[in-house]
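Remarks on the structure that follows.
Note: hydrogens, waters and symmetry copies are ignored here, and every other heavy atom, side chains too, is used.
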Amino acid sequence: MKKNIMPAKWQSNQHILDAKNRLIEAGYANQADANYFAMQILEKYPQVSRALAIRFPMLIVDEAQDTSEIQMRIIDQLIADGLNEVMLVGDPDQAIFEWNNAIPHLFIKKIEQWSDNSIILNENRRSSQNICNCTCRLSSLDETSIAIDDDVRDCDCTPVVTIYDQANMPKLIEDFKSHCVKYNIEMVPDNVAIIYRSVSIFDAITGIKAIAADEYPWHDDDPFCKDFVKGKYLFDNGDFKHGLHLVLKAFIKRTNNSQYCSAEDVENFVQIHGFIEVRKYAFQLMSILPKTDCSIGVWVETANEALRREHVGIEFKIKASHGHGHHLHDLFGRDKKQTTKYRLGTIHSVKGETFEAVLVILRAKGLGPYYKTLLKQNVSIRDNEELRIVYVGITRPRKLLMLAVPDQENKSVWENKLISDTWAT
């Protein structure tokens, strides 16, 4: 009898492991799988590793703080088999992808191991000196970064910590816009960003009312309704390509009585019926479906009436108890294209990007401890991903940085941490 050597914590997930093995055996793999297989090949067949070291004698890894354990083992294996020129470039303070298997301490360990051949880069090519003076107080650097961009280095705009009322987000945004006007920053998405840590902030800004999972209106007997109405909603809100494509895929799934529609399924459907006819029918169907500026219940009733009138053999069904209470904006507002004069997104979504002005909005706490607790206890940024996420946010702007927090206590601790006494107001 074969002994079960699977870790105890995995044994309850045997069905997931079995499914994964079936996918691999069928030839399907994601990027993490590819990394793992590459590591196995290089460790089992060092001649392959040596050949790569000869063929590619120099390796440069950017954003090295986001490497996983497997990726670092690949680098170590290449070095062991003759790779001599290796450069790792990264910032441990900006390691915010631990949820995606990144382990920043692997990079930090390399800095310590290669200390004699490591360089600390303390020149900032993005932000003004005022912003550098602020952000360095959260960073792990022993000294302030030196702003070297002549266009913004001496900008006299000082960072601001302010309080917001989540029930009155327009006031915060108008205040931020006023600061942009003061410093002649044009209000366009390429220049200005409003970024946040929690989706509840997005909901408050856009007016979306959060819906609990057990209140969703989708009926088990109609698995295609959601795709139809979502596609129509996106189309009505200017995302014509994705909206039309989603409705077409929903129609194909319904026609094939399938829960999934692949790119191949779409291609086969087009080959059978002809590209022009398929596009024509998709647009006709979109024109029959009603506008999505209403509740899901009203939309389904109106859609079914229109489909019957046009003799289209489709009828939608939702849970009667939930339909009329949920506006389609609340169901799909997070998926539509934003038409604001500023970039609106999570801190993760703007990593690596640069803006003239940035408003960072925080709740009282991140996904873990309260920020005020972390700051009062002087927790190192290297030991806490929540602080690193904030650091990524506040290092995006060139000229104007505004940090918004929910109450006076949070304002005080953030000002004490980031802003010198001569700046605080």
Side-chain angles (χ1 to χ4, degrees), residues 63 65-66 90-100 102 104-105 108 124 126-128 130-141 144-145 158-164 166 169 172 176 192-202 204-205 342-355 357-420 423-424:
E63 302 289 353
Q65 76 278 355
D66 295 328
D91 182 356
D93 293 347
Q94 297 195 52
I96 62 172
F97 292 107
E98 289 190 24
W99 56 271
N100 197 27
H105 284 282
I108 295 172
N124 187 303
R126 171 185 289 135
S127 303
S128 69
N130 278 345
I131 292 178
C132 290
N133 292 341
C134 168
T135 58
C136 76
R137 299 178 66 162
L138 186 61
S139 79
S140 60
L141 287 176
T144 301
S145 295
T158 57
V160 176
V161 180
T162 188
I163 299 173
Y164 70 91
Q166 189 157 325
M169 280 298 189
L172 171 65
F176 176 56
V192 178
I194 298 177
I195 55 179
Y196 50 87
R197 178 71 182 100
S198 168
V199 71
S200 66
I201 300 297
F202 176 88
I205 293 173
Y342 49 83
R343 173 79 170 273
L344 180 62
T346 64
I347 294 176
H348 282 84
S349 72
V350 298
K351 187 175 186 296
E353 297 190 52
T354 300
F355 302 91
V358 172
L359 167 61
V360 181
I361 309 176
L362 301 180
R363 296 196 306 172
K365 66 176 182 177
L367 296 182
Y370 285 89
Y371 292 117
K372 62 185 179 183
T373 301
L374 296 171
L375 297 178
K376 287 178 178 179
Q377 294 178 351
N378 203 29
V379 173
S380 170
I381 188 174
R382 293 211 173 165
D383 297 325
N384 188 270
E385 189 173 23
E386 286 296 330
L387 293 178
R388 295 198 294 271
I389 292 170
V390 176
Y391 181 76
V392 168
I394 64 177
T395 54
R396 296 308 94 201
R398 300 179 75 232
K399 298 178 180 178
L400 171 61
L401 169 63
M402 181 179 288
L403 178 66
V405 294
D407 53 55
Q408 181 59 48
E409 185 176 7
N410 275 280
K411 181 177 187 289
S412 297
V413 294
W414 278 110
E415 282 184 334
N416 183 60
K417 181 67 177 180
L418 299 179
I419 302 177
S420 68
W423 290 358

Report the relative orientation of the aromatic rings in H348 and F97; use parallel for angles under 30°, tilted for 30 to 60°, perpendicular for over 60°. perpendicular
Give the minimum heavy-atom separation between V192 and F176, together with the two atoms involved. CG1-CE2, 3.3 Å
Per the side-chain contact (heavy atoms from CB on, under 4.5 Å) rule, which among V161, I194, L359 passes with M402? L359
Is there side-chain contact between T158 and N133, with at least one heavy-atom pair below 4.5 Å? no
Can you tell me how far the CZ atom of R137 sits from the CG atom of L375, to the nearest 0.5 Å? 11.5 Å
Just verifying a value: how many Å separate C134 SG and E415 CD, rounded to the nearest 0.5 Å? 10.5 Å
Look only at the side chain of R398 and the backbone of S127, and say whether a donor-acceptor pair between them is shorter than 3.5 Å. no
Any side-chain heavy-atom pair from K417 and N378 closer than 4.5 angstrom? yes
Would you compute the distance between atom CG of L387 and atom CD1 of I96 and round it to the nearest 0.5 angstrom? 12.5 Å
A204 to Q166 - nearest heavy-atom pair and separation: CB-CG, 3.6 Å
So do L172 and I361 actually touch side chain to side chain, heavy atoms under 4.5 Å? yes
What's the spacing between E409 CD and I163 CD1 if we round to 0.5 Å? 11.0 Å
Going by the side-chain contact (heavy atoms from CB on, under 4.5 Å) test, name the single residue among Q94, R388, E385 that passes it with P104. R388
I108 and R382, any side-chain heavy atoms less than 4.5 Å apart: yes
Between Y371 and E386, does any side-chain donor sit less than 3.5 Å from a side-chain acceptor? yes
Does a donor on one side chain and an acceptor on the other come within less than 3.5 Å for D93 and S140? yes
Any Lys/Arg nitrogen of R396 or E353 sitting under 4.0 Å from an Asp/Glu carboxylate oxygen of the other? no
For A364 and P406, the nearest pair of non-hydrogen atoms, with its separation, is N-CG, 3.5 Å
Q65 side chain vs D91 backbone, donor-acceptor pair below 3.5 Å: yes
Checking side chain to side chain contact (heavy atoms under 4.5 Å, CB included) for the pair I394/L418: CA distance, chi angles, key distance, verdict? CA-CA 10 Å; I394 64 177; L418 299 179; 4.2 Å; yes
Could you check L400 against V358 for side chain to side chain contact (heavy atoms under 4.5 Å, CB included), going step by step and ending with a plain yes or no? CA-CA 6 Å; L400 171 61; V358 172; over 6 Å; no
Between K399 and S128, is any pair of side-chain heavy atoms under 4.5 Å apart? no
Just so I know, are the side chains of V199 and I201 near enough to count as touching, which here means a heavy-atom distance under 4.5 Å? no
For the atom pair CD1 (I381) and CD1 (I389), what is the distance rounded to the nearest 0.5 Å? 10.5 Å
Taking the side chain as everything from C-beta on, heavy atoms only, tell me whether L374 gets closer than 4.5 Å to Y370. no
Checking Y164 side chain against L362 main chain: does a donor-acceptor pair fall under 3.5 Å? yes
Do we see a donor-acceptor contact under 3.5 Å between the side chains of R126 and T354? yes
Can you give me the closest heavy-atom contact between T144 and C136, atom names plus distance? OG1-SG, 3.4 Å
Could you measure the distance from the OG atom of S145 to the CD1 atom of I131? Nearest 0.5 Å is fine. 12.0 Å
Taking the side chain as C-beta and beyond, is there a heavy-atom pair between W414 and L403 under 4.5 Å? yes
Under a 3.5 Å cutoff, is there a donor and acceptor pairing between the side chains of T373 and Q377? no
Between S349 and R343, the two heavy atoms sitting closest are O-NH2, 3.5 Å
